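Here is the structure we will look at.
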Amino acid sequence: MSRHPSTTAASPAGDPDAGLNPQQREAVETLDGPVLVIAGAGSGKTRTLVHRVARLVARGTEPEAILLLTFTRKAASAMLERAARLVGPACARVAGGTFHAFAHRMLRVHAPLAGYPVSFTILDRADTAGLLRQLAGELGLGGSGSRFPKKATVAAIFSRAANTGGDVTAVLERDWPHLLAEAEGLRRLYEAYTAYKRAHGLMDYDDLLLRWCDVLEAHPEVREAMGRRFRYLMVDEYQDTNAVQARILRLVACGHDNVMAVGDDAQSIYAFRGANFRNILDFPKLFPGTRIVKLERNYRTTQPNLDCTNAIIAHAREKFTKHLVADRPGGRRPVCFTALDELDQARFVADRVASYHARGVALAEMAVLFRAGFHSFQLEAELNTRGIPFTKRGGLRLVEAAHIKDVLGVLRLLVNPYDRVAWNRVLQLLPGVGPKGADRVFAAVVGAPDPFALLEEWPGRARWTPQVRRLGAYLRRLQGADLALPAVLERIEAWYRPYLERRFLEDHPRRSQDLAQLRGMAGRYEDAVTLLAEVALDPPEPDESAGEGDRLVLSTIHSAKGLEWRVVFVIHLAEGRFPAPSAEGRPEDLEEERRLFYVATTRARDDLYLCRPAMLNFSGAGLLPARPSRFLEEIPADLLEQVAPASPRAGVAVPAAAPREAAPPPGTGAFPPGARVRHTIFGPGRVLEVLGPEKLRVHFDVSGEKVLNLQYARLQRLGG
DNA sequence: TAACCAGCCGTCTTA
DNA sequence: CGGCTGGTTA
């Protein structure tokens with residue numbers, strides 16, 4: 001590579017790095033060797049990464065030799081576009097994407113080294129749940145009325161086990177002690193699940209990273225080739241990586257150690273997915289000689305907003321001490337709005353949005369953020385009635401809908417005719433075929449050299465035999481037709497239409513629009529394998545192709561990571577909503593909830609609104625007074641401008657006393673016999689008997705009967 | 001014995 | 001809206 005002195009990086013417009021502060025410059029100019037950038041929110045870390053890419057290219061580094069790993073593929077391409085504007089179109093050739101996409105791309109070549117076929121299939125969450133259900137059934141676990149945990153829990157346990165060496169019992173002891181009674185069954189299921197995936201060419205999200213890591217560890221020639229191919233590695237959002245990702249990074253950087261990791265420990269919000277923000281602390285151990293750079297100047301927002309966000313993170317138990325100082329002058333205090341209820345909150349947001357819009361702020365420059373996907377339902381309704389266009393990020397996605405999965409299931413069979421999850425789905429579309437019938441057909445498919453031909457000559461005498469034969473013939477013809485991807489999808493849709501109409505009597509027109517959209521996206525991908533991987537790893541958002549025009553952004557906080565808007569509303573800042581009830585009683589989870597609140601509030605450039613409804617609709621229990629979120633109460637009152645509803649709406653009582661008084665610690669009166677409840681450790685259950693003013697006998701779905709003392713027990717009322 | 005259907009329950013975040 | 005349950009049907 002050429003070695004221009006770094007200070008003379010060429011640019012027609014003079015110094016392209018003008019305007020960078022000394023810390024950013026230091027990060028940009030340290031081109032060789034390991035660098036760790038601890039960056040505060042809004043400190044211009046994207047800008048820093050962009051300039052470093054530009055600097056590398058300007059001094060003659062081949063763009064293909066630079067690998068930029070970011071949280072989403074979109075973040076990578078946005079950065080590369082900016083870099084291209086800075087030094088030229090060559091930057092577009094920089095390799096970039098998520099760890100999972102990178103691992104997938106590499107495994108499409110090297111999968112056989114990990115004992116997998118090159119045409120393996122990726123299992124998403126629902127696929128995993130379905131497979132676990134089947135395997136549990138085969139092992140005689142988890143029948144109705146048993147105490148076996150829910151599939152989502154099982155999947156979480158297995159994910160953690162896979163990432164920590166495969167010891168299910170150890171994981172249970174640490175994180176799910178109340179499930180230790182099921183350890184034996186879970187261990188058997190884990191082994192069956194692992195063996196099954198390997199035997200049938202299926203990988204879940206963890207496998208993509210783990211198998212790629214295995215290949216790198218066992219094959220020095222592969223990792224040396226990686227080291228030669230990618231000379232410069234950059235990782236954004238490093239606080240959200242897990243131990244396996246750190247190992248992959250270590251292995252891919254072999255031979256040069258030119259790695260820059262950028263992250264903010266205060267914004268670590270993916271622990272539930274195995275991310276560990278202590279990774280940041282360990283980076284210097286992984287890469288000896290690491291240079292550490294801190295970015296503490298904030299360019300995004302104003303001092304009053306920053307005072308508020310600093311106050312939030314000051315309560316974090318564990319943190320690097322970073323005190324952000326705003327670069328921008330002026331600004332006003334964030335507004336804390338106490339709404340009567342959820343409708344009032346929705347109206348307030350819609351009013352303000354409309355008035356900003358009238359004053360010239362584009363809708364797309366404003367965002368409403370919330371903890372969970374369903375928290376925005378009422379607001380969506382309000383926006384619809386007022387005709388304010390919006391787009392929603394996070395929550396349920398196009399590719400998770402049943403009809404899309406049906407169509408993709410057929411595509412998966414064409415790619416991998418031994419994909420059990422796909423067979424299951426497709427076979428059960430046939431009227432009369434249920435789980436048992438699908439199992440029987442699949443059992444024969446496993447040993448068949450040509451599964452489609454086998455179906456064509458299906459010998460069974462069941463009523464649905466002709467349908468199975470027709471399906472086999474159809475699949476064989478489709479496979480032989482050798483069509484381009486959009487044409488294949490068109491054929492699948494035509495075949496699927498009768499089933500669609502049968503299955504979704506009410507709303508098949510809407511669903512078939514989704515299918516058309518899927519077909520439209522298919523043109524972008526070269527083959528089915530790529531489409532399926534993209535859909536699993538980086539689900540395309542339907543709105544970005546169809547969403548012309550100016551739209552307000554509604555987003556979960558997780559999906560808002562790394563983005564910013566002029567005006568930000570955070571809604572549902574009430575106990576019971578935020579922090580998430582499931583974090584109750586788990587100090588580590590509560591810390592993560594606080595960091596999540598921090599991420600939300602640091603998205604605002606100009607105006608920040610913190611909204612809390614004083615009354616909330618709790619499922620089953622009805623409308624109840626809700627205390628403000630504990631995180632809201634941690635902010636010193638003088639840092640916020642308090643706003644209450646102008647006039648109470650008719651028919652809605654405003655709780656007169658402070659809401660904290662309005663909801664005393666619930667006595668047994670809140671839990672009558674028969675009520676559905678949830679306990680932080682024992683999970684859901686039903687009240688059997690009230691034994692005293694503070695004592696209840698409860699039957700828990702998973703762990704059976706317990707006597708609880710309400711003075712200590714954290715019990716939550718559910719519907720029912 | 002397996003599939004189907006109606007009704008009920010509860011909803012966290014995600015590559 | 002989707003997953004689960006329990007009763008009904010072929």
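Chain letters run A, B, ... following the sequence lines, proteins first and then strands; every chain starts at 1. Values below: every heavy atom of this structure, side chains too, minus hydrogens, waters and symmetry copies. All values reported here derive from a predicted model rather than from experimental measurement.
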Closest to side chain of A/T98, choosing from B/dA15, B/dC12, B/dT14: B/dA15
Touch class at under 4.0 angstrom, heavy-atom based, for A/Y270 against every strand present: sugar-phosphate
Among B/dA15, C/dC1, B/dC12, the nucleotide that comes nearest once only the side chain of A/H100 is considered: B/dA15
Gap between atoms CD and C1', on A/E400 and B/dT11 respectively (whole Å): 14 Å
Lys/Arg-Asp/Glu bridge criterion (N-O < 4.0 Å) met for A/D406, A/R503: yes
Sugar-phosphate only, base, or nothing, as touched by A/F374 at under 4.0 Å among non-hydrogen atoms: sugar-phosphate
Separation of B/dA3 C1' from A/L429 CG (nearest whole Å): 15 Å
Partners passing salt bridge (Lys or Arg N to Asp or Glu O under 4.0 Å) against A/R440 (at least two apart in sequence or in another chain): none
Residue mapping more 5' on DNA chain B - nearest nucleotide basis, A/A372 or A/L430: A/L430
Sugar-phosphate, base or nothing in reach of A/R133, heavy atoms under 4.0 Å: sugar-phosphate
Sugar-phosphate, base or nothing in reach of A/D507, heavy atoms under 4.0 Å: sugar-phosphate
Atom pair distance, as rounded to whole Å: CZ in A/F578 and P in B/dT13: 12 Å
Value in whole Å for how far the C1' atom of C/dA10 lies from NZ of A/K436: 18 Å
Any A/R510 side-chain N or O less than 4.0 Å from OP1/OP2 of C/dC1: yes
Residue closer to the 5' end of DNA chain B, A/F272 versus A/G437 (nearest nucleotide): A/G437
Touch class at under 4.0 angstrom, heavy-atom based, for A/R125 against every strand present: base
Side chain of A/A580 - closest among B/dC12, B/dA2, C/dG2: B/dC12
Sugar-phosphate, base or nothing in reach of A/R503, heavy atoms under 4.0 Å: nothing
Atom-to-atom span, CG of A/L132 to P of C/dG3 - whole angstrom: 15 Å
Distance, rounded to the nearest Å, where A/H572 contributes NE2 and B/dC12 contributes P: 14 Å
Carboxylate-amine/guanidinium contact A/E534 A/R524, below 4.0 Å: no
Nearest-angstrom distance from the residue atom NE2 of A/H375 to P of B/dT13: 8 Å
Exam field: side chain A/K405 to backbone A/A422, donor-acceptor pair closer than 3.5 Å: no
Under-4.0 Å side-chain N/O to phosphate OP1/OP2 contact, A/S559 with B/dT14: yes
Sugar-phosphate only, base, or nothing, as touched by A/K151 at under 4.0 Å among non-hydrogen atoms: sugar-phosphate
Rounded distance (Å) that lies between atom P of B/dC12 and atom CZ of A/R577: 12 Å
Sugar-phosphate only, base, or nothing, as touched by A/R502 at under 4.0 Å among non-hydrogen atoms: nothing
Side chain to side chain contact (heavy atoms under 4.5 Å, CB included) partners of A/F272, counting only residues at least two apart: A/Y270, A/H558, A/E592
Minimum side-chain heavy-atom gap A/D240-A/K561 below 4.5 Å: yes
